[in-house]
Amino acid sequence: MDAQTDRPADTVVVLDFETTGLSPNQGDRAIEIGAVLVEQGKVVARFQELMNPGFRISSFIASYTGITNSMLRNAPPCGEVMDRFADFIGDHALVAHNASFDSRFLDAELQQIGRTRSGAFACSMLVARRLYQTAPNHKLGSLVEFKRIPTDGVFHRALADSEMTAKLWLVMLEELRGEHGIDPVSFPFMQKLSRTAKGAVPRLLERAAR
DNA sequence: TGCCAGGCCCTCTTTAGGGCCTT
């Protein structure tokens, strides 16, 4: 397996942002980053830091995340945290639930400090939409419940959500290996699966099987 | 004052509209 072009899907950084809103283009900023480094299917490192966006967060965000203005008052600024986080992710492949959201914030925050990422993104939500077409919906919490993945009951905090996303990701990889006979599962295959029309998913899985 | 995300994906589609998902 080519280390650069065909990386294994079980060695990734799974990340999750809590933010002041939905769009960095509208001035929203990150307020917390959580991530786990997964190597060969095992969590080997964790990253979690609050960061001060430089303005007060709304009561909605405080209520939604449990992160308050007083918690952020003495937190380091976004740039300082993101510089450390960029070192944490290195050139690893990246995974997030609804990756288009987290990739926008990651790239916007890195741009603020003149850094970039090299790792490609995959989206656990898009893969889950293909694999679990009978799930009631594809919210992270619903999928965790659907797959009976144990949790500590914490939701909408960055590290907890990244841990749950990592567990969901590994469950999907295990099903692709065990039930569909695809081994090894490469990161590019997961990206391809996430972009395959739902009706064509069975044929893709069949072709990829041993 | 009024407006305000963006990408994916389905369908009563493709010269479009609206729900889902993330905070």
Side-chain angles (χ1 to χ4, degrees), chain A residues 12-36 47-69 71-72 75 78 81-82 85 89 94-112 117 120-147 149 151 154-169 171-172 189-204:
Chain A
V12 294
V13 167
V14 184
L15 63 94
D16 182 71
F17 277 103
E18 304 305 317
T19 70
T20 64
L22 291 172
S23 175
N25 288 337
Q26 301 290 315
D28 289 317
R29 299 295 301 270
I31 56 174
E32 186 182 41
I33 178 66
V36 294
F47 188 102
Q48 184 273 321
E49 283 200 54
L50 291 169
M51 54 190 117
N52 189 329
F55 54 89
R56 291 180 63 81
I57 63 172
S58 69
S59 58
F60 170 79
I61 292 298
S63 172
Y64 186 83
T65 63
I67 298 168
T68 63
N69 281 296
M71 291 166 68
L72 297 175
C78 295
V81 173
M82 291 307 300
F85 186 61
I89 62 178
L94 307 172
V95 172
H97 200 69
N98 197 9
S100 71
F101 174 85
D102 291 279
S103 63
R104 278 200 302 276
F105 275 95
L106 177 62
D107 292 345
E109 291 293 349
L110 289 178
Q111 187 178 31
Q112 295 257 354
R117 66 174 163 95
F121 248 110
C123 178
S124 57
M125 184 191 74
L126 294 180
V127 173
R129 279 182 177 171
R130 270 73 179 180
L131 293 184
Y132 305 136
Q133 297 185 25
T134 62
N137 60 61
H138 298 89
K139 294 176 185 177
L140 178 59
S142 302
L143 288 166
V144 165
E145 188 175 347
F146 182 70
K147 297 310 296 179
I149 294 170
T151 76
V154 177
F155 294 91
H156 303 309
R157 284 300 299 269
L159 183 59
D161 282 6
S162 67
E163 299 249 21
M164 283 195 287
T165 302
K167 288 177 182 174
L168 173 65
W169 183 254
V171 164
M172 293 194 292
F189 175 79
M190 295 299 276
Q191 291 180 300
K192 184 174 183 179
L193 176 56
S194 75
R195 294 190 296 261
T196 299
K198 287 180 183 175
V201 165
R203 195 172 54 178
L204 175 69

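Every chain is numbered from 1, with letters handed out A, B, ... down the list of sequences.
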Salt bridge (charged side-chain N to carboxylate O under 4.0 Å, His left out) with [X]: which residues, sequence neighbours excluded?
{"X": "A/E18", "result": "none"}
{"X": "A/K198", "result": "none"}
{"X": "A/R157", "result": "A/E32"}
{"X": "A/R104", "result": "none"}

Which one, B/dT23, B/dG6, B/dC9, comes nearest to the side chain of A/R104?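 Closest of the options to the side chain of A/R104: B/dG6.
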
Distances under 3.5 Å only, N/O to N/O: pair up the protein atoms with those of nucleotides 1-4 of chain B.
none

Residue list, side-chain hydrogen bond (donor to acceptor under 3.5 Å, both in side chains) with [X], at least two apart or on another chain:
{"X": "A/N137", "value": "A/S142"}
{"X": "A/S124", "value": "A/H97"}
{"X": "A/R130", "value": "none"}

Whole-Å distance between [N] [atom2] and [X] [atom1]?
{"X": "A/D107", "N": "B/dT22", "atom1": "CG", "atom2": "P", "answer": "20 Å"}
{"X": "A/F105", "N": "B/dG6", "atom1": "CZ", "atom2": "P", "answer": "11 Å"}
{"X": "A/K198", "N": "B/dT11", "atom1": "NZ", "atom2": "C1'", "answer": "12 Å"}
{"X": "A/L126", "N": "B/dG6", "atom1": "CG", "atom2": "C1'", "answer": "13 Å"}
{"X": "A/I33", "N": "B/dT22", "atom1": "CD1", "atom2": "C1'", "answer": "13 Å"}
{"X": "A/L168", "N": "B/dT22", "atom1": "CG", "atom2": "C1'", "answer": "15 Å"}
{"X": "A/L15", "N": "B/dT23", "atom1": "CG", "atom2": "P", "answer": "12 Å"}
{"X": "A/R157", "N": "B/dT23", "atom1": "CZ", "atom2": "C1'", "answer": "14 Å"}

Give, ordered by number, those residues of residues 50-64 of chain A having at least one heavy-atom distance below 4.0 Å to an atom of DNA chain B; if nothing qualifies, reply none.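 When residues 50-64 of chain A is checked for heavy atoms under 4.0 Å from DNA chain B, the hits, listed by number, are A/F60, A/I61, A/Y64.
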
Which of residues 131-144 of chain A sit near DNA chain B, with a heavy atom under 4.0 Å from it?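 Contacting residues: A/N137, A/H138, A/K139, A/L140.
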
Mind checking A/R195 for me? I need base, sugar-phosphate or nothing, with any heavy atom below 4.0 Å counting as a touch.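 Result for A/R195 = nothing.
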
Under 4.0 Å, counting only non-hydrogen atoms across every strand here, what does A/T20 touch: a base, just sugar-phosphate, or nothing?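 Contact class for A/T20: none.
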
Quick one: list whatever passes side chain to side chain contact (heavy atoms under 4.5 Å, CB included) with A/A108, sequence neighbours left out.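 With neighbours one apart ignored, the set is A/P24.
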
Do [X] and [Y] have side chains that approach each other closer than 4.5 Å (heavy atoms only, starting at C-beta)?
{"X": "A/F47", "Y": "A/L15", "result": "no"}
{"X": "A/N69", "Y": "A/I57", "result": "yes"}
{"X": "A/V36", "Y": "A/L159", "result": "yes"}
{"X": "A/L110", "Y": "A/F85", "result": "no"}

Tabulate protein N/O versus nucleotide N/O from nucleotides 16-19 of chain B, keeping only pairs under 3.5 Å, one per line.
none

Think A/H156 has a side-chain N or O under 4.0 angstrom from the OP1 or OP2 of B/dT23?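 Yes, because at least one side-chain N or O of A/H156 sits under 4.0 Å from OP1 or OP2 of B/dT23.
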
Is there a side-chain contact between A/N98 and the phosphate of B/dC8, meaning an N or O under 4.0 Å from OP1 or OP2?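 So the side chain of A/N98 is outside the cut-off, no N or O lying under 4.0 Å from OP1 or OP2 of B/dC8.
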
Please check if the number of heavy atoms outside A/K139 that lie under 6.0 Å from its NZ is greater than 12.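 Atom NZ in A/K139 is not packed in, count stays at 12 or less.
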
If the [atom1] atom of [N] is compared with that of [M], how far apart are they to the nearest Å?
{"N": "B/dT23", "M": "B/dC4", "atom1": "C1'", "result": "15 Å"}
{"N": "B/dG17", "M": "B/dC12", "atom1": "C1'", "result": "10 Å"}
{"N": "B/dG19", "M": "B/dT15", "atom1": "C1'", "result": "22 Å"}
{"N": "B/dT14", "M": "B/dG18", "atom1": "P", "result": "13 Å"}
{"N": "B/dC9", "M": "B/dT13", "atom1": "C1'", "result": "12 Å"}

N/O donor-acceptor pair under 3.5 Å between A/E49 side chain and A/I33 backbone: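 Side chain of A/E49 to backbone of A/I33, a donor-acceptor pair under 3.5 Å: no, none is there.
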
With DNA chain B as reference, determine whether A/R130 or A/N25 sits nearer its 5' end, using the nearest nucleotide of each.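 Nearest-nucleotide comparison on DNA chain B picks A/N25.
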
Using heavy atoms to find the nearest nucleotide of DNA chain B for A/S100 and A/D16 separately, return the residue whose nucleotide is more 5′.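 Here A/S100 is the residue nearer the 5' end.
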
Do A/T20 and A/D28 have a side chain donor and acceptor closer than 3.5 Å?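 Distance-only check passes for A/T20 and A/D28.
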
